Every structure is written in structure tokens, then in C-alpha cells.
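Quick caveat: nothing in here was measured; it's all calculated off a predicted structure.
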Amino acid sequence: AHDYGDHHVDALVGHEFYYHKYDYTGVVMKNMLVPGMDQFNNFLEIVQNPMGYVDATSLESYFARANYNYKNKYYASASVRRDGTSKFRYNKWGTFWSAGGAWRIAEEDFIRNSAPWINELKLRASVGTTGNQAVNKTDYPYTDLYEIGESGGQFTVTQVWWGNPNIRWEDNLQYDLGVDFRFWDRFYGSVDVYRRITRNLLYEVAQPASTGMGTVMSNDGKLANQGIEIDLNYDIFNNRNVFWSVNLNGSSYQQKILELPDYLTEALNGDGYINGAYLWKKGKDQYNLYQRRYAGPDPETGTMLYWKDVYDNNGEIIGREKTANGDEATKYEVGSAIPDFMGGFNTTVRYAGFDLTINTAFQIGGLVQDSEYGNLTWGGAILGRNLHKDLVGNTWTPDNPDAKWPLLFYGDEYLGTYERDFIDASYFSLKNVTLGYTLPEAATRKIGINSLRVFASGENLWLVSRRQGLDPRQSITGGT
């Protein structure tokens, strides 16, 4: 680092190396002589043959960074790093970089002279890339893996992983723009907007059952995330006698799939890829729920009905009809698990030694599966368990053919989730309340204590959601 008058420059060049090895050996034995002694010769009988494996990973990095500022008013920074991972043996090296700048507008004379109520105003901008090497199932995704076993006293060798020698780094290109401010020495905070594009997505591609392999790791696809984050604070009172501050923070983001490989979308004629409960398609997000739609009970039999699209000879949808066959039911895009907005409201008050802090959290929008409600309203689960009160007087009977729910009977087949299982995930929660009292310093010093505070605190004190008993905070992917 060095200063040249009003110019400040600092730079850093470095090297990192990380190595991790996991060596596992295990055996199941019984008939122990000395309790608590786990040496093999303390057991008489082997229940399961010994097994073991070794996992080893390494990451080597070279990096450089430079920062510059002029009069603590104009800032610029740049960095570059080159990472090599053992997980991608044939494409191990990735290069990632960033550049950014900031302008403290409040330090300009035209602000100081004309708007003294602006205590701080800083504009920030940056762009850069980061890499992702996370592969959960194995540390060797680039090569075939085999498991050694035993059968009838003979060795067996079973393939357990299909390697992909072309596997490489996933990278994220991100743009950020933000502003930090403080006005009237009372209202302060920050606002940030961003856009992140993920390329060469790392994910497991399902394989045909005939191959004997469940999935193979691949790089393909393109995903965009963009959003806004806010953090706003206001000091209602801030003097020697009383302090009261309120805070509102939150974020909103959107996600969009930009590219999908053709081999994933072939089953739906290029219209997308069904990934569990979601339909992945261009222009939609990863949590685009794809579900059957409930059409009510059959007024004649009480059987559960679903909606099914009707097509003409050209494959065009010309209407829809009801069907009792859940396998024939059409799946529809019913909404996303991604909320419209998430945030929190917080406040702190201090007066005469007392302090009170209240923290809350909320979410607006998004869908979540209420699986417990589904269990309590599913006829197949009647035996030995409770039912939900919503069923009372609302299930099909010959005398109640227009009921909301179908005929209940034990052993009713479960066909998986459908639209009715999902509900608005909005909620408001009282996360924490803390009340404290700090004894006067004059009193505590008499007993040799500089400061003494007593307090009581409560966590997760209250939650209100669309349905009583449902906590949407369990999952951000729509499942509970």
C-alpha cells in the first residue's frame, strides 16, 4: 500500500492450496466381551463384511487484487483469480475476475454547499464472475466409479457412477448497482439491485433405467436471477435520554431459465422438462409448479375427478373434460414457490436503562405444499389417525352429491400432489422480543462491576399464515 498525495493504492498477490482427505473403514460385529471397547478382537462374530473408501479433494488458487481511491471520494478495485480443482481433472482450471467502483457524492462541493442535510450518499457498481465446483454425490465426477463387494465368497465389482470427462466449472456473471445514504443524520440505509447469470449449470441428468445408472453429472443450461434488496432505518429519537429506531429490510427476486439442452425437453416436444413437482422451461423459474388440477367429486359415485385437456386431430387444445383416472389427468403450471417479497420489520427502544428490541419477519406470495393438511384430508389415511375439521359435512355422500371433498374410504390410492395441496406461502412472524435493564454505573461500580444488564428474551413467539398450523418457513422450494 502507498499514498501519493491524494491518491491511495494498495495491491495484493497470493497463493492458496487446500487439500482434504476422508478415509473411512467400517465393520458391523456382535458378541462383545468388554462393553465400550471397540477393538475388533473384542467381538466374536462379524455381521457385515468390512468396508471402506477414501475421498480426497484439492483446490489450488492464484489471485491478485488492487484498490485505488482519490481523496476518499472516488474508488476503484479489480481482482482476478485462477482456481484449479481436482474434481474436474480434464478441465480443472477456471479464471474468475471482478471490477468495481464507488463515488461518494456527498463529498462533492455542490452537495456540501447546497444540501447540508445529506450526510452520506455513495453510489456503488461492480461486475464480476465466480465459480462453482459443488458436486454432492462424489468427488470424482469425471470418471467411472466401481464398488467392490462380495457374493458367495467371491468378489463382485459393480459400477456405481458414470463419469463425464467433459465436466467443468459452473460460473456466475453478476452485475451489482447500489446506493448508501444518510439524510438529516436520521434516515439511513442502502438499496441494491443485481442481475446474476449462471452458465454451464452443474446438475445431474436422469438416465434411462436400462443403463443401470440413475444420473450423470453434466454442464448445460443457463439461468438468470435478478432482484432488489433494501435496508432502511429511521431514528425517531436519538438523544441522551431516549433512543428509538425502526428498521425495514427486504428483498425481491425473479428467476428465469434462459437455456435448456434439447435432450431434456424431448419428452414434452421441446416445451420443457419435468423435474419432480416442477416444470422447467425457458422463461420460467426452477420452482414453476406443475400439478394436476382437482375437478371435484363425481356427483354419482363420489370418486375424485381431475381436469384433462382435449385435443383435436392436429394436436391443438380445444377444451377440457373431467377424468377419474389420475394418470390421464393433465398437469398445469399452477404458480411458483418463489415469493414476491421477503423481509422484516424491527425496532429498538432505549430509555432510563431499559431496552426493548422486537424483530419480525414476513413473506408475501409464493406457494407452499401443506403436506400435513393433505394427510389429514386424504381418505386413504383414515385408519388410526385424525381427520381435519374441514371434512365435516363437506365430503361426498349420496345425500351430499355437491360436496367439496370426494368419498372417503380407507385404502384410497395416493397419486401424488395436485394443485389443491399448495397454498399461498405468505406469513408474518414475531421472531424475537428482548427486554433488558442495565443497572446504573454508579451502583455497579460499588461492587466492582463495570456494567451489569439483566434481560428476558423470547424466540418464535407468534406466527400467522394462510392456514392455521402451517409454517411456510420450512422450505423455499414449495415443499414441507
Scan Tyr287, Tyr290, Tyr273 and name whichever one has a ring pair (Phe, Tyr, Trp, His ring centres under 6.0 Å) with Tyr278.
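In the set Tyr287, Tyr290, Tyr273, the residue that makes a ring pair (Phe, Tyr, Trp, His ring centres under 6.0 Å) with Tyr278 is Tyr287.
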Stepwise side chain to side chain contact (heavy atoms under 4.5 Å, CB included) test for Leu223 and Ile197
CA-CA 6 Å; Leu223 185 69; Ile197 300 174; over 6 Å; no
Side-chain contact test, heavy atoms from C-beta onward, threshold under 4.5 Å: evaluate it for Thr434 versus Asn432 and give yes or no.
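Yes, their side chains come closer than 4.5 Å.
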Taking atom types as modelled and ignoring hydrogens, do the side chains of [X] and [Y] form a donor-acceptor contact shorter than 3.5 angstrom?
X	Y	value
Ser251	Glu229	no
Thr357	Asn359	no
Asp10	Tyr68	no
Thr347	Trp244	yes
Asp231	Ser190	no
Arg168	Asn200	yes
Asp424	Ser426	yes
Asp235	Ser245	yes
Asn67	Asn69	no
Asp139	Thr57	no
Gln286	Asn288	no

Over 60° means perpendicular and under 30° means parallel, so tell me whether Tyr203 and Trp280 are parallel, tilted or perpendicular.
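If you compare the ring of Tyr203 with that of Trp280, the planes turn out perpendicular.
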Taking [X] first and then [Y], would you say they form a salt bridge - that is, a charged N and a carboxylate O separated by under 4.0 Å?
X	Y	result
Glu204	Lys137	yes
Asp370	Arg467	yes
Lys281	Glu333	yes
Arg453	Asp355	yes
Glu259	Lys282	no
Glu120	Arg104	yes
Arg124	Asp180	yes

[X] [atom1]: over 12 foreign heavy atoms closer than 6.0 Å:
X	atom1	answer
Tyr351	OH	no
Phe455	CZ	no
Gln39	CD	yes
Lys256	NZ	no

Give a yes or no answer on whether the side chain of Gln363 reaches the backbone of Gly365 with a donor-acceptor pair at less than 3.5 Å.
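A pair under 3.5 Å: yes.
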Please answer whether the main-chain N or O of Ile105 pairs with a side-chain N or O of Glu108 as donor and acceptor at a distance below 3.5 Å.
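Not a single qualifying donor-acceptor pair exists.
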Test His2 against Tyr4 for ring-ring contact (aromatic ring centres under 6.0 Å, His included), laying out the working first.
CA-CA 7 Å; His2 196 81; Tyr4 303 93; 4.4 Å; yes
What closest approach, in Å, do [X] and [Y] show between heavy atoms, and which atom pair accounts for it?
X	Y	result
Pro472	Val368	CB-CG1, 4.3 Å
Tyr427	Ser465	CB-CB, 4.2 Å
Tyr253	Tyr194	CB-OH, 3.3 Å
Asn219	Glu170	ND2-N, 4.3 Å
Trp161	Thr143	CD1-O, 3.3 Å

Could you walk me through whether Asn172 and Thr129 pass the side chain to side chain contact (heavy atoms under 4.5 Å, CB included) test, one step at a time?
CA-CA 5 Å; Asn172 295 278; Thr129 60; over 6 Å; no
Step by step, work out the ring-ring contact (aromatic ring centres under 6.0 Å, His included) result for Tyr75 and Trp103.
CA-CA 6 Å; Tyr75 298 81; Trp103 176 25; over 10 Å; no
Just do the ring-ring contact (aromatic ring centres under 6.0 Å, His included) check on Phe88 and Tyr90 with the steps written out, would you?
CA-CA 6 Å; Phe88 311 139; Tyr90 304 108; over 10 Å; no
Let me know which of Gln291, Arg292, Arg293 forms a side chain to side chain donor-acceptor pair (under 3.5 Å) with Glu419.
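The passing option is Arg293.
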Checking side chain to side chain donor-acceptor pair (under 3.5 Å) between Gln255 and each of Thr198, Asp285, Asn225, which is the one that passes?
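By the side chain to side chain donor-acceptor pair (under 3.5 Å) criterion, Gln255 pairs with just one of Thr198, Asp285, Asn225: Asn225.
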What distance do Leu470 atom CG and Arg473 atom CZ have between them, rounded to the nearest 0.5 Å?
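It is 10.5 Å, given to the nearest 0.5 Å.
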